[in-house]
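Side chains included, hydrogens not; waters and symmetry mates left out as well; all remaining heavy atoms used.
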Amino acid sequence: MALQQGLHQHQKQAQRLAMTQTLQQSIQILQYNVEELQDFLNQKALENPLIDVSTSREDLPIDSRPRASTQSSDENYMNQIPDDTHQSLFEYLLDQIHLTLRDTPLRNLVLFLLEYIDQDGYLEISTEDAMEKTGSNKVDVIDAVTLIQQLDPPGVGAKDLQESLLLQAEDDDWAPENAITILKDNFNELANKKWTLIAKQQGMTLAEIQDAFDYIRTLTPNPGARFSDEGPQYIFPDLIVENDAGKLTVRMSRSAKPSVHFQQHYFQKMLQRKDEEVTRYVKDKKKEFDWISRSLEQRESTILRVGKVLVEHQQDFFLEKTKELRPFLLQDVALKLGLHESTISRAVNGKYLQTRFGTFELKSFFSSAVAKTDASPEGLSVDTVKQLLQKFIHEEDKQKPLSDAKIVKQLAARKIEVSRRTVAKYRESLNIPSSSARKRYEAN
């Protein structure tokens, strides 16, 4: 973004900007996995002489390659850590859609548009083209785009840089009103440094425009960029579930609890120098330590609370009474804990839970309901239906493999009503080829 620094910041707006940066960093700390959090704290320790960081590695990292399981992969496909633990932007958005939107025609339109989100997070199809390709009306397309733009990360689904920055600012409670106004009405003038013109049109001072400019520079021109980085090679679990004679307990892993210590002796020594500039410097660094300490406590509390809700809801799975998961959505946890869905999403994405029979990403315990049966009045989860699909295909006659239509009939025999199209979608998501591709011609 070809914007350049200029003029002094107005003090009041500068304070609001600082609060914005602090809020953004607190959100980022919740979003970090264990390794990313440690890297962040180590960097802070280098920048702040009052911070000393230590961590425990008593909980050994888990190799990101598929792990051996007490059950076969055919029985429980969830009990595998994927080869590539890094999640793409498409996968991240898709997870949010499945866990927040009900199965409606509008959701299908959202899923269609998702195919046109590029790696930077921009929507590469016009409203008119989307209408033509899907046969939808303009209002529905606009509604679907709006739903995508409400997903995390902020700014995704925009048609251009101006809209992406505006979406990010509107998502930020601490964004200066002047910044939003300028992004809406004077983006090109701001980029071309025509600040006098903006001041005249908006009735702002140059200092206020500078404050807005400084804030806009904190936004990202590529909201999907962080998903293009290479993922970690190892997984450190955030939570550990223990089963003591049928009683489940959840605790934070030691690896997920880095200790941040305050260098009190150094702090007092600097204050004794009676130098105003040094005093101001160390007090600012102490404020930073206090903020980091509070943010770490909040991160630990949020992840632990979410983990306990998940284990409670899926307790039969953790007690190894069943391989099936009960339907559960992000919004269910959000309502139970009184938190925003985006907070739950950040708390589970890239966070792992260790059990004695495997390690799982927290988000894998969420699944929407796809079918109700007499045995499961609340509905079966997508994962349960996928497991049944895998079982049917594993046991099929390879010389006469099951078509999607025949799988639909086998599910119907278990009073599970799903469409052939849904079966095809689940099969493709499991990387299982069609029946014609699975057929084997073996000699009798």
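A donor-acceptor pair under 3.5 Å is absent between the side-chain atoms of Gln119 and the main chain of Ala225, judged by distance alone. Although no hydrogens or angles enter the test, the distance criterion places a donor-acceptor pair under 3.5 Å between the side chain of Thr146 and the main chain of Ile142. Although no hydrogens or angles enter the test, the distance criterion places no donor-acceptor pair under 3.5 Å between the side chain of Glu428 and the main chain of Lys425. Proximity of a side-chain donor or acceptor of Gln162 to a complementary backbone N or O of Leu183 within less than 3.5 Å is detected. No donor-acceptor pair closer than 3.5 Å links the side chain of Ser253 to the backbone N or O of Leu239. Judged by distance alone, with hydrogens and angles left aside, the side-chain atoms of Gln96 form a donor-acceptor pair with the main-chain N or O of Asp152 at under 3.5 Å. Without hydrogens or angle criteria, Arg326 side chain to His313 main chain gives a donor-acceptor distance under 3.5 Å. With hydrogens and angles disregarded, no donor-acceptor distance shorter than 3.5 Å links the side chain of Thr279 to the backbone of Leu271. For Thr181 (side chain) and Glu177 (main-chain N/O), a donor-acceptor pair under 3.5 Å exists by modelled atom type. A donor-acceptor pair under 3.5 Å is formed between the side chain of Lys351 and the backbone N or O of Arg346.
Not counting sequence neighbours, Tyr122 has no partner by the ring-ring contact (aromatic ring centres under 6.0 Å, His included) test. Remark: Glu395 pairs with Lys391 by the side-chain hydrogen bond (donor to acceptor under 3.5 Å, both in side chains) rule, at least two apart or across chains. By the salt bridge (Lys or Arg N to Asp or Glu O under 4.0 Å) test, Lys336 is found to be paired with Glu312, residues two or more places apart in sequence or in another chain being considered. Residues passing the side-chain hydrogen bond (donor to acceptor under 3.5 Å, both in side chains) test with Asp404 are Arg427, sequence neighbours excluded. Lys363 pairs by the salt bridge (Lys or Arg N to Asp or Glu O under 4.0 Å) definition with Asp95, not counting sequence neighbours. Checked against ring-ring contact (aromatic ring centres under 6.0 Å, His included), Tyr116 has the following partners two or more places apart in sequence or in another chain: Phe112. The side-chain hydrogen bond (donor to acceptor under 3.5 Å, both in side chains) test applied to Thr134 returns Ser136, not counting sequence neighbours. Among residues two or more places apart in sequence or in another chain, the salt bridge (Lys or Arg N to Asp or Glu O under 4.0 Å) test is passed with Arg280 by Glu276. Under the ring-ring contact (aromatic ring centres under 6.0 Å, His included) criterion, Phe267 pairs with Phe262, not counting sequence neighbours. Partners of Glu115 under the salt bridge (Lys or Arg N to Asp or Glu O under 4.0 Å) rule, at least two apart in sequence or in another chain, do not exist in this structure. Not counting sequence neighbours, the partners of Asn42 by the side-chain hydrogen bond (donor to acceptor under 3.5 Å, both in side chains) test are Gln38.
Taking CD1 from Ile51 and CG from Leu41, the interatomic distance works out to 8.0 Å, rounded to the nearest 0.5 Å. To the nearest 0.5 Å, atom CD of residue Gln168 and atom CD1 of residue Ile216 are 10.5 Å apart. One distance of note links CG of Leu37 with CG of Leu296; it measures 6.0 Å at 0.5 Å rounding.
Between Leu50 and Tyr266, the closest side-chain pair of non-hydrogen atoms falls below 4.5 Å. Side-chain contact between Ile393 and Ile407 is present, with at least one heavy-atom pair separated by less than 4.5 Å. Using a 4.5 Å heavy-atom cutoff, the side chains of Phe90 and Ile117 are not in contact. Residues Gln150 and Asp171 are not in side-chain contact: their nearest non-hydrogen atoms beyond the backbone lie 4.5 Å or more apart. Ile240 is not listed as a side-chain neighbour of Thr355, based on a closest heavy-atom distance of 4.5 Å or more. Taking the side chain as every heavy atom from C-beta outward, Val260 and Asp52 never approach each other to under 4.5 Å. Between Glu47 and Gln43, some side-chain heavy-atom pair lies under the 4.5 Å cut-off. Between Asp39 and Tyr32 there is no side-chain heavy-atom pair separated by less than 4.5 Å.
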- [ ] Check step by step if side chain to side chain contact (heavy atoms under 4.5 Å, CB included) holds for Tyr92 and Leu151.
- [x] CA-CA 10 Å; Tyr92 184 53; Leu151 300 175; over 6 Å; no
Open item on the list: For Phe317 and Val311: C-alpha separation, side-chain torsions, deciding distance, then whether side chain to side chain contact (heavy atoms under 4.5 Å, CB included) applies.
Closed with: CA-CA 8 Å; Phe317 175 85; Val311 171; over 6 Å; no
Open item on the list: Before you tell me yes or no, could you show the steps for Glu361 and Val348 under side chain to side chain contact (heavy atoms under 4.5 Å, CB included), namely the whole-Å CA-CA distance, both residues' side-chain angles and the distance that decides it to 0.1 Å?
Closed with: CA-CA 7 Å; Glu361 190 169 8; Val348 301; over 6 Å; no
- [ ] Any chance you could lay out the salt bridge (Lys or Arg N to Asp or Glu O under 4.0 Å) test for Glu396 and Lys398, step after step, and finish with the verdict?
- [x] CA-CA 6 Å; Glu396 72 185 358; Lys398 300 305 178 185; 3.4 Å; yes
- [ ] Could you please spell out the steps behind the side chain to side chain contact (heavy atoms under 4.5 Å, CB included) verdict for Gln354 and Val241?
- [x] CA-CA 6 Å; Gln354 181 178 313; Val241 176; over 6 Å; no
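Scanning both residues, Val408 and Arg420, for their nearest heavy atoms gives CG2-CA, 3.5 Å. Considering every non-hydrogen atom in both Leu430 and Gln390, the closest pair reads CD1-CG, 3.7 Å. Closest non-hydrogen pair, Gly350 versus Asn33, comes out as O-CB, 3.5 Å. When all heavy atoms of Ala256 and Pro237 are compared, the pair lying nearest together is CB-O, 4.1 Å. Contact between Asp140 and Leu109 at its shortest, heavy atoms only, is O-CD2, 3.4 Å. Closest heavy-atom contact between Ala175 and Ala169: CB-O, 3.2 Å.
His340 NE2: 12 or fewer foreign heavy atoms inside a 6.0 Å radius. Within 6.0 Å of NZ on Lys308 lie no more than 12 heavy atoms contributed by other residues, nucleotides or ligands. More than 12 heavy-atom neighbours from other residues, nucleotides or ligands sit within 6.0 angstrom of CG on Asn137.
One finds no salt bridge joining Glu242 and Lys247 here, because no Lys/Arg side-chain nitrogen approaches an Asp/Glu carboxylate oxygen to under 4.0 Å. Under the 4.0 Å criterion applied to side-chain N and carboxylate O atoms, Asp290 and Lys286 are assigned as salt-bridge partners.
Applying the salt bridge (Lys or Arg N to Asp or Glu O under 4.0 Å) test to pairs two or more places apart or on separate chains, those with a residue in residues 159-168 are Lys159-Glu163.
Side-chain contact annotation: Lys138 with Thr127, donor-acceptor N/O pair under 3.5 Å absent. In this structure, a donor-acceptor pair under 3.5 Å is absent between the side chains of Ser345 and Ser342.
Checked against the 6.0 Å centroid criterion, the rings of Phe360 and Tyr352 do not qualify as a close aromatic pair. Aromatic pair Phe365/Phe318: centroids less than 6.0 angstrom apart.
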